[in-house]
Amino acid sequence: MYWSKLFIPTLREVPAEAEVASHQLMLRAGYVRQLAAGIYSYLFLAQRSLMKIQRIIREEMEAIGAQEMYLPALNPAEVWQESGRWDVMGDNMFRLKDRFGRDLCLGMTHEEVMTSVARGELNSYRQLPQLWYQIQTKFRDEPRPRSGLLRTRQFTMKDSYSFDLDAAGLDLSYEKHYQAYNKIFRRCGLKFMAVEAHSGAMGGSQSHEFMVISDAGEDYVAVCEATGYAANLEKAVTLPVPPVHGDPSGDLVPEEFHTPGRKTIAEVADFTGLPPTAQMKSLILVADEKPILVLLRGDHTLSETKLEGFLAAKELRPAHPEEMRQWLGADAGSLGPIGVANMRILADNALRGRHNMICGANKDDYHLKNVTIGEDFQAEFADLRQAVSGDRTHDGKGVIEVRKAMEIGHIFKLGYKYSESMGLRVSGDDGKEVTPIMGSYGIGVERILAAAIETYHDKNGIVLPPAIAPFDVVITPVNSELPEQREAAERIYRECREWGLDALLDDRKERAGVKFKDADLVGIPYRITVGKKISDGVVEVFDRSTGANTDHSAHEAFEDVLRRVKSTNLAAAEGKA
RNA sequence: CGGGGCGUAGCGCAGUCUGGUAGCGCACCUGCUUUGGGAGCAGGGGGCCGCAGGUUCGAAUCCUGCCGCCCCGACCA
């Protein structure tokens, strides 16, 4: 294609609305324009890149035997009411009415619609397993869209669904997706990791998220390079750093002391001169309308996900100040477990074996010392705290680091939630009805592009891997006015095209600097520069990622680029990128 | 939804405090010169100053209400 005829509106300055690198660069490079909060138009270059990403996804989905479909984005309320999610989704769902007043919504995900297709047509165990997928627009009324394409209200998702006869079948479908996702993200050139995740309200037994480490991300992962451990922070199980200060020894009796105005862990630590690790932090929560007292080491934070999981609670919230006073007789800041009989008491595993600690006295402005779990009161132990950097892995062999990350894919074993609630059943080999077991697997298509740009950019702009760059190569005559350069560039351009390279000819009547800057900004991996040396039949091949220039004879330049594109793509696919 | 910031040309901004004919840089158009990393000179076009109401002889500027966008938090299959 000829740059002079394309719409690539590059900007010299960064629009004020953009904060993260991928957002700034996609605006500057003319990839996207914003229509409203969390709603973007993908212009020519972005669309071209997204199409390449989708092609990779399709190839890998097909490789595991998944069949592509295309379901409606406009959904009747009924299917969502059947699964119960019409209510669960709340304000996150875009809802509308048709002219007869019937309720409709815009699809946020497609378990319901896929299941409704399946229940009408799948009749026999002989038809299983089935792997169905689509690449389609999703709508979610996010409370706060942010960071450009990282969290939007309308986005493209590859979502697939598996239907299997039994759990062993689901394991296989899940494993196929796990492998396919690894291939997809590798081919896209991303540095990513699969982490254990919690399945949340999707239900189900197992779940992995595919994460790209990036400060622009909204998720946290606990990783250990030495052992290869990786988990979502909400779910990470680690060993705490032991307290530096040993506990007071002996079989001591709890003793009240006055702590006027000292409410926080830090204030009490300061007051007593003992580190936060010497304290037990008391939190009051309400799980499904029942009060719970949770104890953590002073320096630790509760993982609500773990608590919710441990209690199998549907709803969890912090207690209101009035409730704390009513149940324990004191305000937050002076609460503790001793003498508490009207609620369940849970203690985090990090408190196991500790003794003579400090906690609230359930009396305003008083704390207790010499408190020991098991002696002075009883509690159930569980893993309830959030991991922190510096913890050791659960096998004790490595050190955990907590990093920010962005989620680009998520796979779930759904179980029977949708097949059961929506009445999907097939005949088994014994003639009896069987409910198929399902899995659900998503990839955020735009997030792949955003993650790649977050990972690969420099001060000059975007540096995309060739597999997902809008073009493989740009041919740039330094001075388009000179027939010798113009004609040579044209010739090289045609050769590139003939050999299957996705080539762009920068035939604009601009100075060389402008063309170089633009090519760098939009992230084309290779540039063939046709300049003065063309009179000796020599051109240069510029590698965007290394900045290196190499001379080649004009008729061999395309071969060099072709070789580089192929080897880079191959290395990425093999995970050697 | 709570806290903060911002809305003036396509982009970046000044002007608002102290009311008096709307400016600068980049981009865009024309011409000449220039041509290996965002050229120079000359000329030119482009604005419901977010919207509505109010105060005033007069409002980008003061007052009231609303809308939009961004950031932090809450929230997030």
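All chains are named by letter (A, B, ...) in the order of the sequence lines, taking the proteins before the strands, and each is independently numbered beginning at 1.
- Nucleic acid contact class of A:Met157 (heavy atoms, under 4.0 Å, all strands): base.
- Across all strands shown, B:rG31 forms a Watson-Crick or G-U wobble pair, both distances under 3.5 Å, with B:rC41.
- With sequence neighbours excluded, no residue forms a ring pair (Phe, Tyr, Trp, His ring centres under 6.0 Å) with A:Trp86.
- The interatomic distance linking A:Glu218 (CD) with B:rC71 (P) rounds to 10 Å, in whole Å.
- Remark: A:Gln136 pairs with A:Tyr70, A:Ala73, A:His110, A:Gln134, A:Lys138 by the side chain to side chain contact (heavy atoms under 4.5 Å, CB included) rule, at least two apart or across chains.
- Proximity of residues 514-526 of chain A to RNA chain B (heavy atom under 4.0 angstrom from any strand atom) is restricted to A:Val514, A:Phe516, A:Lys517, A:Asp518, A:Asp520, A:Leu521.
- In this structure, B:rG25 forms a base pair with B:rC11, meeting either the Watson-Crick or the G-U wobble geometry with both donor-acceptor distances under 3.5 Å.
- Across the interface with RNA chain B, nearest-nucleotide mapping of A:Pro15 and A:Phe155 shows A:Pro15 to be the residue nearer the 5′ end.
- You'll find a donor-acceptor pair under 3.5 Å spanning the side chain of A:Arg151 and the base of B:rC76, going by distance alone.
- Note on A:Pro143: a base of the nucleic acid sits closer than 4.0 angstrom, heavy atoms only.
- Residue contacts shown for A:Ala18 are absent, as no nucleic acid heavy atom lies under 4.0 Å away.
- Here A:Asp518 pairs with A:Thr10, A:Arg508 under the side-chain hydrogen bond (donor to acceptor under 3.5 Å, both in side chains) rule; sequence neighbours left out.
- Each salt bridge (Lys or Arg N to Asp or Glu O under 4.0 Å) pair with one or both residues in residues 11-32 of chain A, not counting sequence neighbours, would appear here, but there are none.
- Residue contacts shown for A:Thr476 are absent, as no nucleic acid heavy atom lies under 4.0 Å away.
- Rounded to whole Å, the C1' atom of B:rU18 lies 27 Å from the corresponding atom of B:rA9.
- A:Phe471 is linked by a ring pair (Phe, Tyr, Trp, His ring centres under 6.0 Å) to nothing, counting only residues two or more places apart in sequence or in another chain.
- No N or O donor and acceptor, one from the side chain of A:Arg508 and one from the base of B:rG38, sit under 3.5 Å apart.
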Show the distances under 3.5 angstrom between N or O atoms of the protein and N or O atoms of nucleotides 25-28 of chain B.
| residue | atom | partner | partner atom | Å |
| --- | --- | --- | --- | --- |
| B:rG25 | N2 | A:Glu13 | OE1 | 2.8 |
| B:rA27 | OP1 | A:Arg12 | NH2 | 3.0 |

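- The base of B:rG37 lies close enough to the side chain of A:Arg527 for a donor and an acceptor atom to sit less than 3.5 Å apart.
- A ring-ring contact (aromatic ring centres under 6.0 Å, His included) check over residues 28-47 of chain A, counting only residues at least two apart or in different chains, returns the pairs A:His23-A:Tyr40.
- Residue A:Glu540 is in base contact, counting any heavy-atom pair closer than 4.0 Å across all strands shown.
- The 12-atom threshold is exceeded at CG of A:Asp458, counting heavy atoms of other residues, nucleotides or ligands nearer than 6.0 Å.
- The 5' end of RNA chain B is approached more closely, in terms of each residue's nearest nucleotide, by A:Arg153 than by the other of A:Asn92 and A:Arg153.
- Scored by the ring pair (Phe, Tyr, Trp, His ring centres under 6.0 Å) test, A:Tyr161 finds no partners at all (sequence neighbours excluded).
- Rounded to a whole angstrom, the distance from the C1' atom of B:rU30 to that of B:rG46 is 15 Å.
- Aromatic ring centres of A:His208 and A:Phe210: separated by at least 6.0 Å.
- In this structure, A:Gln24 places its CD atom 11 Å from P of B:rG12, rounding to the nearest Å.
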